[in-house]
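Owing to the predicted nature of the structure, the values given are computational and were not obtained by experimental measurement.
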Amino acid sequence: MCGLSGFLSSGPASREAMQATLGCMIESLHHRGPDASGFWIDEGIALGHRRLSILDLSEAGAQPMHSACGQFVIAFNGEIYNHLDLRRDLATAGAAPDWRGHSDTETLLAGIAQWGLDETLRRAAGMFALALWDRRERRLSLARDRIGEKPLYWGWAGRALVFGSELKALRQYPEFPRDICRQALALYLSFAYVPAPRSIHPGVYKLEPGCILTVEDGALPAPPARPLRPGESHGTLSIRRYWSLNGMIEAGHQNPVMSDAEALTEVETTLRAAVGRQMLADVPLGAFLSGGIDSSLIVALMQEQSDRAVQTFTVGFENPAFDESPHAAAVARHLGTDHSTLIVTESEARAVIPHLPDLYDEPFGDSSQIPTHLVCRAARARVTVALSGDAGDEIFGGYNRYFWGPRIWNRLHWMPVKVRQAIGSAVASVPVPVWDKIGALAGGGVSRPGDKAHKLAEGLREVGTLHDLYRSLVSAWPGERLVLGLDGAPGNILDDPLPGALMDDPVGRMMAQDMRSYLPDDILCKVDRAAMGVSLETRVPFLDPEVLALSARLPAHMKIRDGQGKWALRQMLYRHVPRALIERPKTGFSIPVGDWLRGPLREWAENLLSPSALARDGLLDPAPIRQAWVEHLSGRRDWTHRLWIILMFMAWRERTA
């Protein structure tokens, strides 16, 4: 894992000036690559790299790296897990160079020289972001992995196109725009993250997953008036897809798995192979273990393929209501791993909060960022690479909304709007504590049923389609109403067409929406920043291309069955771990932030949420925020999620203004 940055400039600049600017940009990414740094500069183009050595620790793996033919220069962040297979393919084609080392970056360059960039990335199984300069054609290409495990920002700063792994690197470039994109802010308030392709700054964007951006002839056009989407061009700049989520889903539906037995055999075979590929490293390797289905399955498959005890890591909390570490320890004992549990006090967890604006570099409002960073810090004390169970929910059907969202919609969609609104009002009239008691009596493992019932009530008053219901379930604030001076509701990636194969599959539609927005821009972003902040590489076997393709072939009933998600994964895990160690209500990776806001964090929050602070930039309407704050302090409502989103924006703005 590494960090990259650079720029393509149309203005005059000396090599010394370019080197000084590039040096500041890559130094800001030191945490992503503490082992070494490198840069390459030519007329108008600069590539920089920070290295965290994982494969080929020698100088043969240093970057930026030149292809053997001399045509290409690359700065690469990530891992290509099947790069040894690619080397064999190159040898078979008679195109293998005299290898200088055994890094995957060198393999990637040789593939690009032989097959071209698009075909090489389609063949590659990995996580990555890269910047490639074609010296002969004077062409800059930026590319990102299929689902978006690795970040890549790009945009304009004066007369230059700047790019990098994090916004903090781009901010080092003179003339970088530091004002706030109101459309991005409205989306952030809705989702707790800024969805691609926007970033929080105007004219600066996230490259969408599975895409390649190119600038031809080293010539920069003027900045476009809106975000450029895949399939569009603007002067010499264009964006195209080399891989399509919709295409993968369509292909899966044309070749479905036909039986339960076939599903379980293929899932185990495919996931075991993916885990084996991702265990390749020249440095110490371990795994996160929460004791839930996904992480337990990944660890079980690791231990099965390891000749020594796998190092596993869990963070626990002194508050037993939020401490799942005993469950993880029980799974670890059964599997025979070398397990470490870090028990964190509440004060130690709160000590992370002041660092979050720098760590996440852009407003980010998922409070599980705190325990995620803590477990990454614990793992980094012993290993350099850690595998995780992330993405199991999104691709195998794990979230509660997948089964009760469509169920509710099927019961209500035929009703006239006024009837749905009346039902919503009736649900909202029942106090949150009463719904909590009803939920506890009914069972089902749904956390905070009262707040979720009221959230559903809000949605029933406004939704007209299943898509509207999904948006209401995943949204916190009505962001377009909260941001002042907003010119119309901002569009986003969730408005893109879904595959026709999902027309009659409401669960599949929700999962596809999560895969193209919530997964890359919340879950994967959270883990990337939390881990790279302590120079830890994380890997996600569930996002292996073959695992993804197989998940698209599984019908809905092989993912969700008998009111439970991840049916196929559960059956597979029971072969390795007793059911009794796994089956318990899903709680998520949570901490008592809501209680902290009423107690030890109250003064900090009050300062950030004061009417004068909220009104300072003329960006936000203070009235609904203050109302939520008062209601939360009184205990009438739990507005933790909404308030944390605002607090993280205000803390970030205070740090970067």
> Does atom CZ of Arg626 have more than 12 heavy-atom neighbours from other groups under 6.0 Å away?
Replying inline: yes
> To the nearest 0.5 Å, what is the distance between CD1 (Ile591) and CD (Gln369)?
Replying inline: 8.0 Å
> Should the ring pair Phe176 and His201 be called parallel, tilted or perpendicular, given that the plane angle runs from 0 to 90° and is split at 30 and 60?
Replying inline: perpendicular
> What distance separates Ile523 CD1 from Ile147 CD1, expressed to the nearest 0.5 Å?
Replying inline: 13.5 Å
> Are the side chain of Ser296 and the backbone N or O of Gly292 linked by a donor-acceptor pair below 3.5 Å?
Replying inline: yes
> Closest heavy-atom contact between Pro202 and Pro177?
Replying inline: O-CG, 3.5 Å
>> I'd like to check the salt bridge (charged side-chain N to carboxylate O under 4.0 Å, His left out) partners of Arg178; sequence neighbours left out, ordered by chain and number.
In response: none
> Do the side chain of Trp477 and the main chain of Arg642 share a donor and acceptor less than 3.5 angstrom apart?
Replying inline: yes
> Do NZ/NE/NH1/NH2 and the carboxylate oxygens of Glu149 and Lys526 come within less than 4.0 Å?
Replying inline: no
>> Under a 4.0 Å threshold between the charged nitrogen and the carboxylate oxygen, would Glu208 count as salt-bridged to Arg516?
In response: no
> If you look at every heavy atom in Arg50 and Leu29, which pair is closest and at what distance?
Replying inline: CG-O, 3.6 Å
> Between Phe313 and Val375, which heavy-atom pair has the shortest distance, and what is it?
Replying inline: O-CG2, 4.0 Å
>> Are Phe163 and Tyr153, when compared by the centres of their aromatic rings, separated by less than 6.0 Å?
In response: no
>> If only side-chain N and O atoms count, and only distance matters, is there a donor-acceptor pair under 3.5 Å linking Ser535 with His31?
In response: no
> Do Leu597 and Trp629 come close enough that some side-chain heavy atom pair is under 4.5 Å?
Replying inline: yes
> Going through the distances and angles, do Ser290 and Ser295 end up as a side-chain hydrogen bond (donor to acceptor under 3.5 Å, both in side chains)?
Replying inline: CA-CA 6 Å; Ser290 69; Ser295 66; 3.1 Å; yes
>> Could you go through Glu79 and Phe128, starting from their C-alpha distance and side-chain angles, then the distance that decides it, and tell me whether this counts as side-chain contact (heavy atoms from CB on, under 4.5 Å)?
In response: CA-CA 6 Å; Glu79 302 290 346; Phe128 54 82; over 6 Å; no
>> List the residues meeting ring-ring contact (aromatic ring centres under 6.0 Å, His included) with His373, not counting sequence neighbours, and say none if there are none.
In response: none
> side-chain contact (heavy atoms from CB on, under 4.5 Å) between His327 and Ile582: does it pass, once the steps are laid out?
Replying inline: CA-CA 8 Å; His327 302 296; Ile582 297 298; over 6 Å; no
>> So that I can tick it off, tell me whether Lys566 and Asp294 are bridged by a salt bridge, with the cut-off set at under 4.0 angstrom between side-chain N and carboxylate O.
In response: yes
> Is any side-chain N of the basic residue among Arg539 and Glu537 closer than 4.0 Å to the acidic one's carboxylate O?
Replying inline: yes
> If only atom types and distance count, is the side chain of Lys168 paired as donor or acceptor with the main-chain N or O of Asp358 below 3.5 Å?
Replying inline: yes
>> Could you check whether Gln627 and Trp639, counting side-chain N and O atoms only, form a donor-acceptor pair closer than 3.5 Å?
In response: no
>> Apply salt bridge (Lys or Arg N to Asp or Glu O under 4.0 Å) to residues Arg198 and Asp521 and explain how you reach the verdict.
In response: CA-CA 11 Å; Arg198 294 187 187 274; Asp521 292 327; over 6 Å; no
> Where is the tightest heavy-atom contact between Asn77 and Pro151, given as atom of each residue plus distance?
Replying inline: ND2-CD, 4.4 Å
> Should the ring pair Tyr399 and Tyr518 be called parallel, tilted or perpendicular, given that the plane angle runs from 0 to 90° and is split at 30 and 60?
Replying inline: perpendicular
> CG of Asp595 to CG of Leu601: how many Å apart, nearest 0.5 Å?
Replying inline: 10.5 Å
> Applying the side chain to side chain contact (heavy atoms under 4.5 Å, CB included) test to Tyr188, which of Val194, Val483, Ile180, Ile646 qualifies?
Replying inline: Val194
> Salt bridge or not for Asp361 and Arg529, using N-O below 4.0 Å?
Replying inline: no
> Looking only at heavy atoms, what is the nearest atom pair of Asp104 and Gly78, with distance?
Replying inline: OD2-O, 4.0 Å
>> Keeping Gln303 on the side-chain end and Val310 on the backbone end, is there a donor-acceptor pair under 3.5 Å?
In response: yes
> When you check the side-chain N and O atoms of Ser634 and Arg636, is any donor under 3.5 Å from an acceptor?
Replying inline: yes
> Is the closest side-chain heavy-atom distance between Pro592 and Glu346 below 4.5 Å?
Replying inline: yes
> So Met511 and Phe396, side-chain contact (heavy atoms from CB on, under 4.5 Å) or not? Walk me through it.
Replying inline: CA-CA 9 Å; Met511 291 172 64; Phe396 285 102; 5.8 Å; no
> How long is the gap from OH on Tyr173 to CE on Met25, to the nearest 0.5 Å?
Replying inline: 8.0 Å
> Does the Ser190 side chain pair with the main chain of Ala186, one donor and one acceptor, at a distance under 3.5 Å?
Replying inline: yes
> Side chains of Ser325 and Thr314: is there a donor and an acceptor less than 3.5 Å apart?
Replying inline: no
>> Checking side-chain polar atoms at under 3.5 Å, does Tyr193 have a donor or acceptor matched by the opposite partner on Ser517?
In response: yes
>> Nearest 0.5 angstrom please: Leu152 CG to Ser5 OG, how far?
In response: 9.5 Å
>> How long is the straight-line distance from OH of Tyr81 back to CG of Leu280, given to the nearest 0.5 Å?
In response: 10.0 Å
>> Could you check whether any side-chain N or O of Glu362 sits under 3.5 Å from a backbone N or O of Ile200, counting only pairs where one atom can act as donor and the other as acceptor?
In response: yes
> Should Leu189 and Ile645 be marked as a side-chain contact (heavy atoms from CB on, under 4.5 Å) after you check the CA-CA gap, both sets of side-chain angles, and the distance that decides it?
Replying inline: CA-CA 7 Å; Leu189 295 173; Ile645 290 170; 4.0 Å; yes
>> Side chains of Tyr470 and Asp514: any donor to acceptor distance under 3.5 Å?
In response: yes
>> I need the minimum non-hydrogen distance between Leu335 and Val577, along with the two atoms involved.
In response: CD2-CG2, 3.9 Å
> Any sub-3.5 Å donor-acceptor pair from Glu348's side-chain atoms to Thr345's backbone N or O?
Replying inline: yes
>> Determine whether a donor-acceptor pair (N or O, by modelled atom type, separation under 3.5 Å) exists between the side chain of Arg144 and the backbone of Lys150.
In response: yes
>> Taking Ala36's backbone N and O only, do any of them form a donor-acceptor pair with Arg51's side chain (distance below 3.5 Å, no angle check)?
In response: no
> Is the side chain of Ser199 donor-acceptor paired with the backbone N or O of Lys206 at a distance under 3.5 Å, no angle test?
Replying inline: no
> Does the distance from a Lys or Arg side-chain N to an Asp or Glu carboxylate O, for Asp338 and Arg382, drop under 4.0 Å?
Replying inline: yes
>> Name the residue from Val540, Leu387, Asp390, Leu573 that meets the side chain to side chain contact (heavy atoms under 4.5 Å, CB included) definition with Ile298.
In response: Leu387
